[in-house]
Amino acid sequence: MQLIDGKATADKIKQEIAAEVAEIVKNGGKRPHLAAVLVGHDGGSETYVAAKVKACEVCGFKSTLIRYESDVTEAQLLAKIDELNHDEDIDGFIVQLPLPKHIDEQKVIEAIDYRKDVDGFHPLNVGRMSIGLPCFVSATPAGIIELLKRYNVETSGKNCVVIGRSNIVGKPVATLMMQKGLDATVTVCHSRTKNLKEICRQADIIIAALGKPEFLTADMVKDGVVIVDVGTTRVPSTETKSGFRLKGDVKFDEVAPKCSYITPVPGGVGPMTICSLMKNTLLAGKGLLKNC
Ligand code: GUN
């Protein structure tokens, strides 16, 4: 069994990005610039955005953090998005989710110019991804694919089972796994799927993204399976300073011995997500969708 080390992989990729940025700047090019909009003081969002700003520093990007109190109006937020869309110095930007209830998230996502949508949430990026056009792929699915590639996990012709059909993980990762180049045969399972255990037992690769801690057990997988655990449920813990710890969707201790590869939680897919955002920002800086 080999553990897939997301933290080490993400650190390596950030160093590769930093080297490329140094080269761009040395040759007179522009330093990539990411802006992040943060509304309110949600603890999780504060942590994520701080980590994104820190990652920008590591990669040699310029970053700008724009903060609003939670009583900001939808119109004010949309006006800022319009400004960022037209700001030539900003290559890409994100609006950290969730937003307060009085703001329509979908409206906000769709207001972002898709050519600066480094989160890859805009329907144009989702649609372009699904037909294999250049696009910004959202962070978690992109991070999963990058991990599989970096560990030389064979995907061609393999049976891949995705558990979970969310718009941000299940659906896009299933789409990517079946695309030319990755060439897996993909089955998407969800809460209404019959015979889930039998389907999982046929799988060469399982991507567990349903958000139920320790859902996948040893009796549900075959020997030699590759497991990607996307679960990050916060459970109370007396052993950590924060008072909680992260639990994956896989019962790691009993499943791991049957695997050829497995991602741990924490330290697997999680660290790769911010790294994917950095990759998208670098691509935005290079004008990925400039003429699209
Ligand atoms: N909230 C949780 N994850 C994300 C993310 O990847 N992007 C944004 N914008 N908000 C999030």
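In listed order, ligands and their atoms are each counted from 1.
- Protein heavy atom closest to atom 9 (N) of ligand 1, with residue, atom name and distance, is Asp119 OD2, 2.6 Å.
- Rounding to the nearest 0.5 angstrom, the gap separating the CE atom in Met220 from the CD1 atom in Ile199 is 10.0 Å.
- Clustering ILVMFWY residues whenever any of their side-chain heavy atoms sit less than 4.5 angstrom apart, transitively, puts Met177 in a cluster other than the one holding Val225.
- At a 4.0 Å heavy-atom cut-off, ligand 1 touches Leu97 through backbone and side chain alike.
- Ring orientation note: the planes of Tyr151 and Tyr261 are nearly perpendicular, at an angle over 60° on the 30°/60° scale.
- Ile109 and Val137 fall within a single hydrophobic cluster, where Ile, Leu, Val, Met, Phe, Trp and Tyr side chains are chained together by heavy-atom contacts under 4.5 Å.
- Here Val95 has backbone heavy atoms under 4.0 Å from ligand 1, and that is the only part of it that gets that close.
- With a 4.0 Å cut-off on non-hydrogen atoms, Lys52 touches ligand 1 through its side chain and not its backbone.
- Residue Gln96 has at least one nitrogen or oxygen atom sitting less than 3.5 Å from a nitrogen or oxygen atom of ligand 1, judged on distance alone.
- Remark: the backbone N or O of Ser156 is paired with a side-chain donor or acceptor of Glu154 at under 3.5 angstrom.
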